[in-house]
Each structure stands twice: as structure tokens, then as C-alpha cells.
Amino acid sequence: CLFQDIKIHTNKSKLADTTARNITVEKNQNKLDDIQELELTGKTIIKGDITFKSGNGKLVKEKDVVIEGKVEGLKS
């Protein structure tokens, strides 16, 4: 699949064999303290940035996944 920008409004998401420009994981207003997990698999390519707006992000990715931009908002 080829996407421009992806906005996610859930706490757990998985994308496989996807090409996108940017991914934004929006805050979940119902569960503000929950970790928001994004799993990228297969030959996924993110040409821009991944942003977790909540600051509670967790990124799980397979070895063939390419992220050309930066990742912001990971839980420290």
C-alpha cells in the first residue's frame, strides 16, 4: 500500500508492507497514560517522520523496515 500521511487514533496498530510519508499517532483522550504501540513489519518504508503525540510511544519494527525521518514521542 502507498499512503501520503497516516493518522492513527488507537493505542495499538500494525502496518505491513506499507509505504507512507509521515505517521502521526494521536493522543487517545480516553486513555492518556497508556503506551501507544506501533508495529511495522515486512518491507514497510516511512519516508518522513513518526510522531507519538502522547509522548508514550513504543515502536516495534522488523529488520527490513526503513524509516528515513525521525521518531519523536517515544516513552523514555
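Small disclaimer: the values here were computed from a predicted structure and weren't measured. We use all heavy atoms of the structure for the numbers below, so side chains are in, but hydrogens, waters and symmetry mates are not.
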Once you round to the nearest 0.5 Å, how far does [atom1] of [X] lie from [atom2] of [Y]?
X: L38; Y: N11; atom1: CG; atom2: CG; result: 12.0 Å
X: I67; Y: D49; atom1: CD1; atom2: CG; result: 10.0 Å
X: D34; Y: K75; atom1: CG; atom2: NZ; result: 10.0 Å
X: T19; Y: I46; atom1: OG1; atom2: CD1; result: 7.5 Å
X: I50; Y: I8; atom1: CD1; atom2: CD1; result: 8.5 Å
X: T44; Y: I23; atom1: OG1; atom2: CD1; result: 8.0 Å

Inset, instruction - Sequence neighbours left out, what passes side-chain contact (heavy atoms from CB on, under 4.5 Å) with Q4? Give chain and number order. - result: R21

Legend entry - All side-chain contact (heavy atoms from CB on, under 4.5 Å) counterparts of D64, not counting sequence neighbours: K43

Inset, instruction - Taking the side chain as every heavy atom from C-beta outward, state whether D5 and T24 have any atom pair closer than 4.5 Å. - result: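 Counting from C-beta outward, D5 and T24 never come under 4.5 Å.
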
Inset, instruction - Spell out, yes or no, whether F52 and I6 are grouped together once hydrophobic residues are joined by side-chain heavy atoms under 4.5 Å, including indirect joins. - result: yes

Inset, instruction - Treating Ile, Leu, Val, Met, Phe, Trp and Tyr as nodes and any side-chain heavy-atom pair under 4.5 angstrom as an edge, say whether V66 and L74 lie in one connected cluster. - result: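 No, it is not one cluster - the side chains of V66 and L74 are not joined through contacts under 4.5 Å.
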
Inset, instruction - Decide side-chain contact (heavy atoms from CB on, under 4.5 Å) for L59 and L40; before the verdict, give the C-alpha distance in whole Å, the side-chain angles of both, and the deciding distance to 0.1 Å. - result: CA-CA 8 Å; L59 180 62; L40 303 176; 3.9 Å; yes

Inset, instruction - Please check if the side chain of E62 supplies one atom and the backbone of G42 the other of a donor-acceptor pair under 3.5 Å. - result: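 Side chain of E62 to backbone of G42: a pair is present.
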
Inset, instruction - Determine the minimum heavy-atom distance between E26 and K53, stating which atoms define it. - result: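 That would be OE1-CG, 3.8 Å.
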
Inset, instruction - Identify whether the distance between the nearest side-chain nitrogen and carboxylate oxygen of E37 and K58 falls below 4.0 Å. - result: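 K58 and E37: salt-bridged.
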
